[in-house]
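In what follows, a structure is listed as structure tokens, so that the remarks can point back to it.
Below, read A as the first sequence line, B as the second, and so on, with proteins coming before strands; counting in each chain starts at 1.
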Amino acid sequence: MIQSRQSAVIILHIAAILLLFVLQFVLPDYHQLAMTRVMVLAIFAMGYNMLFGYTGLLSLGHAMFFAAGLYGAGLTAYYFGWSVPVAFVAGIGSGFVLSLVIGLVSLRTSGVAFMIVTMMFAQVAYLTTTYFTDYTRGEEGLVLPQAARSFDLLGVHFDLTSAVLRYNLSLVLLAATVAITLLIVRGPLGRALVAIRENEPRTVMLGYDTFRLKLMAVTLSGTISAMAGATYALLFAYIGAGFATIQYSIEALLFTLLGGAGTVLGPLVGTAAMFYLIDIASSYTVAYMLAVGIALVLLVLFFPKGILGTIRERWLPWLP
Amino acid sequence: MAFGPFLLLATFEGLLQAAILTLTALGLSLVFGVMRVVNVAHGEFYMLGAVIAWWVSTFVSSMFGMPPAVGFIAALIVSPLAVGAIAMVGERLILKRLNYNPESTIVATIGMLYIIQQSVLLTYGPDARRVAAPFYYRIQLPWFGYSGYNLFVIAAAAVLLLIVWFILSRTRIGLIMRATQFDAETAQAFGIPIDRVYSLVFAAGAMLAAIGAVLVVPIRQAHYLMGLDPLLLSFITVIIGGLGSLRGTVIAALLIGLSDGIISVFFSPTLAKMISTLLVALVLVFKPEGLFGAKAR
Amino acid sequence: MAAVTLLSTSGLSRQFGGLKAVDQVDFSIREGEIRALIGPNGAGKTTFVSLLSGRIVPSAGRISFAGEDITAMPAHGRVRKGIAYTFQITSIYPTMTAFDNVALPVQTALKKAKAAGPAGGAAVIAQRSLAALERVGLADRAGVKAGTMSYGHQRLLEVAMGLALEPRLLILDEPTQGLSDGEIDNFCALVKDISRTATVLLIEHNMPVVMRLADRITVLDRGQILADGTPAEIRANPAVQAAYLGTG
């Protein structure tokens, strides 16, 4: 019984990745680019989901981790001329260090205080990017030089101006994130994180050091978010303070809620749906964030489990 | 200008800032204290108060050719009432259905923030507009002249504060609110209509922000993004003052309002904001009961 | 076999404001026994075991377990040392399956054993979890969401979770509360079975259960130990009769 579910889970997720792979041959250019962005943002949302969906900690500051990856990769490529793979690692490293420090401090709080504290730290991070505007160009941002548009790895030349390559690189990173998430949430660590979400005091009494586990969750979540940021910077050759604003923290929450918090593919579904909703809304009005506001209220009122969360509850209880 | 007079000017400006901040933060603190709801849309009620004030005063002066003072007084009455009504509708339709669950209500009020802000953008547009002050009077001090209206705002805020304090501590309504804050379930068992108390408190919180905005809109312009800074400052004030403590909120608002003017003289405003936000976050982590509040229950 | 003291406290106290919930308690429990802790409501029983399990920090006094001072050890550390605590109010994870509920303590036990040998993977966790469910008779319910099980089964699941920790000391806080007579019989048999591998500290209101199971009984009253002895001694103790048993 458990064995057959195991294979159903694996088949489903491989099918989802294959579907995205096939899509690139069907999609027109505009949507190919849009889907590239969706996949990168979905990685961000999946990182967010690790903390919010599985561990039950609602952060309102994940934009700072995305921005840590964005600036960690972008600034090193821009100022030090680091090659793309090295800058990418630098971005992930920045996110790891930042999320570790933020986790150590903010995990002393819980619930509403945790939400406010993470939001404030993220605000400090945003202000930092605008304060050092001599280096970051603030909201206006920096465009990465031509040297950062291609790289050689293992004897192969990669040209990042190619839309097809960008699409497939994002897909590879997304697939890796899905795989990592699956491994974690279906394993002992994921079980312990869900236990913390459901009842933390009880989990302590089963011998778990919940502070340490929550710190792991924050760090893991922040590092994945930073990977998304680093990917964004290097694929689209642009870094700007706009990505550090509270709006991005809220979008990560929104994508996750819409797709289904605590489901592996939920953030991907939610990101795609919301991305296109905003895209369509912004072609009609400047006030496209109205769609975000309405979506948030409707979700929390009528649809708190999101798309995949509802499907899991009604039809597919084995969905991870 | 010599240092003494300069400090006096900074103090006036600081008091003005503190006056508005006290009203706004008091609204946020009241809602959190009684309902345990963190209202992220609070700044938008402030913004809405300013925008509606512009509409009302423009309407009154252009339609009836009345002097600015009449338009201003009309705005001072209509705008808070309208904002209170909107807040009450939001409370009935959204927060009540969520059973005031702390985390869901934060997400919902983030949604309300965007809905209000973007609706104003759609209707009022992206421009910043000023409301004419009810009177122009320049008080000429030996060193500089100062707007009499600014001093009026400070006095008006002080009077409002006394009224709020009186209502909370000396009237039946205040008693009911304190009982609800202390223990909602028991209060309900004693026949207090919790539902209506929550609606009224949420509306009152929004109205306090709206009044602050009407008072300030002759000095600063009405703009659809003007709610974000007061939101953050109110948060800071409520945290420093102790979540849910009214006395602490007032002290903190005075402190922050006064120091804000002075700090931004010495530091760049961005750096000042960075440092103050960081310090406040650390206060919340290491001293969650606030610097002036009582120990949380 | 010489009796070894497994856990002892000296001068253990805890105040809440002016109230001395636990006051200067010197207590010890021998390896392998079933000890009952009884006392009127508000005697401080739950506070006392919360101090033992580390959920509450003592105001004064020391606790030692298996010869080691654990007064300053955090709760999760004590669990790993072998002190398991089952909650008074059923405290399972209702949204998780019975299997996952038991797998959580199994993971802790495996981590504890890691020092001795290589830790097991998913297969070992599954095998041990099913074994723990088997022991309380819930093996066929492994895939069921815990929250949908009957109350009696939820209590058994709670015990299975305690057992899966492979504790040296199992603290059961009012385990028979709300169980039917038939379920209580099964439960008593289960506790006897558990006591072959672990020491049991039982907090219980149901006197027939206490008399049936306990090797020794400790009576707590107003935060202090009123009496300590075999069931027969406790039954004959006039002070206990006055304070608590009364009609007993």
Side-chain angles (χ1 to χ4, degrees), chain A residues 1-10 53-56 107-108 182-216 260-263 304-306 308-310 312-320, chain C residues 49-50 53-56 73-87 89-97 99-112 119-126 129-130 142-148 158 161-162 164-167 171 173:
Chain A
M1 176 186 76
I2 288 170
Q3 209 57 44
S4 71
R5 278 174 187 178
Q6 182 101 11
S7 41
V9 166
I10 291 168
Y54 289 99
T55 321
L107 283 172
R108 295 172 57 106
L182 267 179
L183 268 177
I184 290 171
V185 304
R186 290 176 63 77
L189 177 59
R191 190 178 283 130
L193 295 182
V194 171
I196 291 175
R197 179 187 77 194
E198 295 297 315
N199 187 345
E200 183 172 347
R202 181 67 179 113
T203 310
V204 172
M205 295 315 294
L206 289 177
Y208 289 90
D209 184 346
T210 55
F211 182 85
R212 216 175 129 247
L213 286 167
K214 287 191 289 183
L215 185 59
M216 279 171 78
T263 62
K305 291 195 162 37
L308 289 192
T310 307
R312 167 161 70 188
E313 195 173 62
R314 301 250 169 94
W315 300 291
L316 303 175
W318 48 266
L319 200 67
Chain C
V49 292
S50 297
S53 64
R55 300 180 66 216
I56 302 180
M73 188 179 278
H76 62 84
R78 298 186 199 196
V79 176
R80 290 185 197 167
K81 283 276 168 216
I83 303 179
Y85 174 83
T86 70
F87 283 66
I89 304 158
T90 307
S91 184
I92 53 168
Y93 300 95
T95 61
M96 298 167 80
T97 61
F99 175 87
D100 279 333
N101 269 274
V102 184
L104 282 163
V106 165
Q107 286 171 201
T108 301
L110 286 173
K111 196 181 270 178
K112 197 167 64 181
V124 181
I125 293 175
S129 304
L130 290 173
V144 178
K145 252 191 191 176
T148 64
E158 175 98 40
M161 289 162 76
L165 286 169
E166 297 172 12
I171 303 173
D173 198 348

Looking at side-chain heavy atoms only, is the closest gap between Val204(A) and Arg55(C) below 4.5 Å?
->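 When only atoms from C-beta onward are counted, Arg55(C) and Val204(A) do not touch, as no gap falls below 4.5 Å.
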Is any side-chain heavy atom of Phe99(C) less than 4.5 Å from a side-chain heavy atom of Arg191(A)?
->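 Sidechains of Arg191(A) and Phe99(C): in contact.
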Which bit of Arg78(C) comes within less than 4.5 Å of chain A, counting heavy atoms only: side chain, backbone, both or neither?
->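 It is neither, since no heavy atom gets under 4.5 Å.
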Between Met161(C) and Met205(A), does a side-chain contact (heavy atoms from CB on, under 4.5 Å) hold up when you go through it step by step?
-> CA-CA 10 Å; Met161(C) 289 162 76; Met205(A) 295 315 294; over 6 Å; no
Asp100(C) CG to Glu198(A) CD distance, which is reported to the nearest 0.5 Å =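 Output value for this atom pair is 11.0 Å.
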Distance from Tyr208(A) atom OH to Lys111(C) atom NZ, nearest 0.5 Å?
->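 Tyr208(A) OH to Lys111(C) NZ: 6.5 Å, rounded to 0.5 Å.
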Leu206(A) to Leu165(C) - nearest heavy-atom pair and separation |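 That would be O-CD2, 3.6 Å.
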Nearest heavy-atom pair of Tyr85(C) and Arg202(A): which atoms, and what distance?
->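 Looking at all heavy atoms of both residues, the closest pair is O-NH1, 3.8 Å.
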Any donor-acceptor pair under 3.5 Å linking the side chain of Gln107(C) with the backbone of Pro188(A)?
->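 Checked: pair present.
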Looking at Ile83(C), Thr108(C), Leu104(C), which has the largest count of heavy-atom pairs under 4.5 Å with chain A?
->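 Of Ile83(C), Thr108(C), Leu104(C), Leu104(C) has the most heavy-atom pairs under 4.5 Å with chain A.
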